[in-house]
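Throughout, a chain's letter reflects where its sequence line sits, starting with A, and its residues are numbered from 1.
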Amino acid sequence: MLFLFGNIIMNINMLPLFPSVLGLDIETDGLDRFSAQITAVGLSDGEDTWVLTEGYERLISLLEDPSVLKVIHNADFDLTVLCFRMKVDHNIEVKPQNIYDTLLVERVLNNGLSISNKLEDALARRLGILVDKSLQESFTGGGLSEDQLSYIENDCKHLIKLRDEQMREVSLCGMEWVVDLENKDVLVTLDKTLTGIGIDLEQFEAIRAQIPAVLDQILSQIKDILGEDFVIEVERTKKGEKYTEEIPVNEIKWNAWQQLKPALHKVGVKVNNTQRGTLEERQDQHPLIPLVLEYKTWFKMLGWHWDEFINPITGRIHPNWNQLGPITARFSCSDPNMQQIPRPDGVRPNFRSLFLPLPGHKLLVADWSQQEPRILAHVSQDEKMIAAANSSDIYSAFGKDVWGEEITKKDPRRQIMKIGVLASFYGVWHVNLASRMGLSEKEAEKLQKKIFNTYRKAKQWGDYQIKGVMQHGYTQSVMGRRIYFEDTSPRMQWRLKKESRNYPIQTTGADMAKLAEVKIYDIIQKKNYDAHFIIGLHDELVLSCHESQAKDCFADMKQAMMEAGSEICPSVQFPVEGVVSDKWEH
DNA sequence: CCTGACTCC
DNA sequence: CATGGGAGTCAGG
């Protein structure tokens, strides 16, 4: 046996009464959380290490014990595998409690810095421990070699000390609240992952089936306009040699900018890019343009294949939620990305309505109204903007402040405020704002000045942000979550100016969403609701709840979101809107 | 494997 | 000097 760092004990019966803190790490035969099998679980109190190679259900009481802190590096992986195996192999629903994730904390501490947060690098950096990665072997075989045992020990033995070192820095940075929030939110992320999302497969296939006919119809209209003999010349390179290829009209791929650009050029429309906005501005210049826009829209839908993500065991989609994806600490999502499912627009089929709650459940959908401008009002402490944020309609109030007249909800100037105010404070150039607001460049410039004059203190706040970054090297959320800037050299100043205004707002929004999630999760446990998290969309939360409890749970959910808002930004109210429905709408 | 374009907030 | 920020996915080349 190896006694490098203490005893490795194979017999679970020798595990004493659980200490108050344990490092935990699992080894699997694969990296896909929903098909991986567990080959070993390591537990360590920092001295001795226990290794299990079977009977993992004996860990359930430990995982669920709120008095034992489980320290895990990337808890999402370990907990998802453990919980999913328990559910599938033993039909037991495990609800882990009291988790500390050293990876999340490492990310919080190094946010914005190009530092590796991998366990081996964190151990080397914080504890001076060099782990011999040559010990890493595949865990697909039967028994465990001594090298493998030593490897498992390495991965869990130092977790407690690593946490101690991390917490020292956390306390120096005043980020206890943020770290606590992230560690609590691990359980919400786990809930989202394990619950997954249902999809109406029949309906999805029905929608897909109608797309080719729509595309064919558009293509024939294009051919009618351009004529059978229309040809484009496309520059190509083959083995370093340039040559021109002729593509006839019925072989042109209209979704490819490399072909669309020369085609537009040939009919006399010159564009720098083939983006939707660019083409929309020139709709009238040639009848080809609206057809191409329609073609792009429908062709894009062919690439959406969410059905391929359905888990064969659960029949549901289990996306990958990244709790610290963006630098601003929002969630990101992949495989598939549930945060980019198109909103219904009356033109495309309603893709959101394909996604379903659990059987017998309703979807609870709620979001904060105008979250970001309200946060801006709070962080800038601009009295006028705070008053607007606390009025019944923030954009009408903006209009009244700027133009000195009552603005109704139907007044077109309300829409201008909706587009213009936040964008202006984030640093959008008036020229780029003009078309979006439906104004000339001069009008936009005048309006922007008027906005800045109306909310002087907010403007000052924006102008001051870059100075703070230059002084401290970081910006932060209201709750003290930091975003570091490594490069503050002169060539970065322009970028810094924009980021230093945007980041504090966005990252405060992320704090708010995570706080609300944790509050709602606690209520669900306390009131024993049959409810689960499904989706987090930055300022929108989606839950699945049994229909018998949906109304009550929804009321609690909205209340928790409102409270989270005013706890973080006390000078502003945060109204929440939403619906209880069979479909994902709102 | 990168870029442009498109989807979301 | 260039001219809001943050993501992921797809097709083309």
Side-chain angles (χ1 to χ4, degrees), chain A residues 111-112 234-238 242 245 247 252-261 271-280 292-293 295-306 308-309 319-322 324-345 348 351-352 367-368 370-373 375-376 419-434 436 441 444-445 448 462 465 475 483 490-510 512-513 535-542 584:
Chain A
N111 190 23
V234 178
E235 292 274 335
R236 291 215 162 128
T237 45
K238 201 172 190 178
K242 280 193 177 175
E245 191 183 326
I247 304 178
I252 296 174
K253 293 176 174 171
W254 294 100
N255 54 300
W257 63 271
Q258 296 93 334
Q259 299 180 30
L260 176 56
K261 217 169 161 180
V271 286
N272 292 327
N273 59 61
T274 61
Q275 287 166 16
R276 173 151 227 100
T278 309
L279 298 185
E280 270 169 1
V292 165
L293 283 170
Y295 186 88
K296 282 175 167 227
T297 302
W298 287 86
F299 187 87
K300 186 83 186 160
M301 299 176 200
L302 273 186
W304 295 332
H305 46 89
W306 304 304
E308 289 170 19
F309 291 97
N320 180 28
W321 292 98
N322 188 350
L324 288 174
I327 194 165
T328 52
R330 299 205 309 196
F331 273 92
S332 68
C333 180
S334 64
D335 306 295
N337 182 354
M338 292 306 297
Q339 293 178 322
Q340 63 177 173
I341 308 298
R343 271 191 165 284
D345 59 2
R348 295 171 296 193
F351 286 99
R352 288 201 179 188
D367 69 359
W368 285 278
Q370 305 100 30
Q371 190 199 44
E372 289 200 3
I375 295 173
L376 173 61
I419 298 166
V421 173
L422 194 64
S424 294
F425 286 103
Y426 284 163
V428 180
W429 193 33
H430 67 270
V431 172
N432 288 346
L433 209 46
R436 276 197 266 163
E441 289 183 15
E445 193 177 10
Q448 207 167 53
Q465 288 314 297
T475 184
I483 299 170
R491 67 192 173 90
M492 298 294 287
Q493 292 293 300
W494 192 260
R495 218 178 104 183
L496 223 65
K497 200 170 161 183
K498 295 174 294 184
E499 290 172 342
S500 65
R501 291 171 181 175
N502 185 280
Y503 286 178
I505 310 289
Q506 199 182 115
T507 194
T508 299
M512 192 182 295
I535 292 166
L537 230 132
H538 313 312
D539 65 347
E540 173 178 331
L541 299 178
V542 183
W584 180 14

Just checking [X]: base, sugar-phosphate only, or nothing, at a heavy-atom cut-off of under 4.0 Å?
X: A:Asp335; value: sugar-phosphate
X: A:Tyr503; value: sugar-phosphate
X: A:Ile327; value: sugar-phosphate
X: A:Ala423; value: nothing

Taking [atom1] from [X] and [atom2] from [N], how many angstroms apart are they, rounded to a whole number?
X: A:Ile375; N: C:dG4; atom1: CD1; atom2: P; result: 21 Å
X: A:Asn322; N: C:dG8; atom1: CG; atom2: P; result: 7 Å
X: A:Lys497; N: C:dT3; atom1: NZ; atom2: P; result: 13 Å

To the nearest 0.5 Å, what is the distance between [atom1] on [X] and [atom2] on [Y]?
X: A:Glu372; Y: A:Gln506; atom1: CD; atom2: CD; result: 6.0 Å
X: A:Lys261; Y: A:Asn273; atom1: NZ; atom2: CG; result: 7.0 Å
X: A:Tyr295; Y: A:Leu260; atom1: OH; atom2: CG; result: 11.0 Å

(message) Suppose we screen for side-chain contact (heavy atoms from CB on, under 4.5 Å). Which residues come up paired with A:Gln340, at least two apart in sequence or across chains?
(response) A:Asn337
(message) If you only use heavy atoms from C-beta on, which nucleotide in C:dG4, C:dG12, C:dT9 is closest to the side chain of A:Arg436?
(response)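 Nearest listed nucleotide: C:dG4.
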(request) Could you check which of C:dG12, C:dT3, C:dG8 has an atom nearest any side-chain atom of A:Ser334? (result)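 Closest nucleotide among those given: C:dG8.
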(request) Can you see which heavy atom on A:Pro319 is nearest to which on A:Met338, and at what distance? (result) CG-CG, 3.7 Å
(message) In whole Å, measure the gap between the C1' atoms of C:dC1 and B:dC6 for me.
(response)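 Roughly 28 Å separates the two C1' atoms.
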(request) Could you tell me which residues satisfy salt bridge (Lys or Arg N to Asp or Glu O under 4.0 Å) with A:Glu280, sequence neighbours excluded, listed by chain and number? (result)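 A:Glu280 satisfies salt bridge (Lys or Arg N to Asp or Glu O under 4.0 Å) with A:Arg276 only.
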(message) Check this one for me: any side-chain N or O of A:His305 less than 4.0 Å away from OP1 or OP2 of C:dC10?
(response) yes
(message) Counting only side-chain nitrogens and oxygens, does A:Ser332 get under 4.0 Å of the OP1 or OP2 atom of C:dG8?
(response) yes
(message) For nucleotides 1-9 of chain B, give me one character per nucleotide, 5' to 3': B if any protein heavy atom sits under 4.0 Å from the base, S if the only such contacts are to the sugar-phosphate, - if neither.
(response) ---SSBBSB
(message) With side-chain contact (heavy atoms from CB on, under 4.5 Å) as the criterion, how do A:Phe425 and A:Ile505 come out once you've worked through the C-alpha distance, each side chain's angles and the decisive distance to 0.1 Å?
(response) CA-CA 11 Å; A:Phe425 286 103; A:Ile505 310 289; over 6 Å; no
